[in-house]
Amino acid sequence: MIVRDLAEARTTRRHVESKGWDSTRLLLKSDNMGFSFHITTIYAGGDLPMHYKNHLEAVYCISGEGEIEDLATGEVHQIRPGVLYALDKNDKHILRGRTEMTMACVFNPPLNGREVHDETGAYALEGETI
Ligand code: 9YT
């Protein structure tokens, strides 16, 4: 069994900060669960174009409010606590935070550890392991 505490993990290299967000990677590839699990903070006013070409991601909003734009269709979906979105087609999107948002995120395949977005908005498959 694996037991991890978010507050403790935030003090380690599991905590990754980038432009407009931070993410604490509570489960990673090395845990052999077949997915990774992260608690992400999207900062207020964030406007984040992303395109996870190499991963499927599901995101559940715990707190805060914002919106996600599907760049294939132009549809804009409101994000609030209780809403989940799943990028089941590696969907290119923009996530906007009206307020700070706390999100629970799952990635398949799992992240290695320290991934941040490349210039195309993707994470490399061979990210830095921790
Ligand atoms: C919601 C989202 O994709 N935010 C960017 C960070 C990512 N969730 C991560 O690495 O945990």
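First listed ligand is number 1; within each ligand, the first listed atom is number 1. Below, all heavy atoms of this structure are taken into account, side chains as well, without hydrogens, waters or symmetry copies. Everything numeric in this text was worked out from a predicted model, so none of it was measured.
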So, for [X] and [Y], is the gap between ring centers shorter than 6.0 Å?
{"X": "Y123", "Y": "H117", "value": "yes"}
{"X": "H38", "Y": "W21", "value": "no"}
{"X": "F107", "Y": "F35", "value": "no"}

**R80 with E65: basic N within carboxylate O range, under 4.0 Å** =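 A salt bridge is absent here (no side-chain N lies under 4.0 Å from a carboxylate O).
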
**Item:** SB check K53 D118 (cutoff 4.0 Å)
**Value:**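 Looking at K53 and D118, the cut-off is not met.
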
Atoms of ligand 1 less than 4.0 Å from [X] heavy atoms?
{"X": "H38", "result": "9 (C), 10 (O), 11 (O)"}
{"X": "L95", "result": "1 (C)"}
{"X": "T40", "result": "4 (N), 6 (C), 7 (C), 8 (N), 9 (C), 11 (O)"}

**Prompt:** Is the CZ atom of R4 crowded by more than 12 outside heavy atoms at less than 6.0 Å?
**Reply:**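 More than 12 heavy atoms, drawn from other residues, nucleotides or ligands, come within 6.0 Å of this atom.
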
**Prompt:** Can you name the residues that form a side-chain contact (heavy atoms from CB on, under 4.5 Å) with E119, not counting sequence neighbours?
**Reply:**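 Listed in chain order: nothing, the list is empty.
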
**Message:** Students should be able to answer this: which protein heavy-atom is nearest to atom 3 (O) of ligand 1, and at what distance?
**Reply:**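 Sorting protein heavy atoms by distance from atom 3 (O) of ligand 1 puts Y52 OH, 2.9 Å first.
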
**Request:** Provide, to 0.1 Å, the distance between atom 7 (C) of ligand 1 and the closest protein heavy atom, together with that atom's residue and name.
**Result:**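 Residue, atom and distance for the closest contact: Y123 OH, 3.4 Å.
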
**Prompt:** Among M103, R25, E57, which residue places a heavy atom closest to atom 8 (N) of ligand 1?
**Reply:**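 Checking each option, the heavy atom nearest atom 8 (N) of ligand 1 is found in E57.
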
Which bit of [X] is near ligand 1, meaning a heavy atom under 4.0 Å away: side chain, backbone, both or neither?
{"X": "Y85", "result": "side chain"}
{"X": "L48", "result": "neither"}
{"X": "I42", "result": "side chain"}

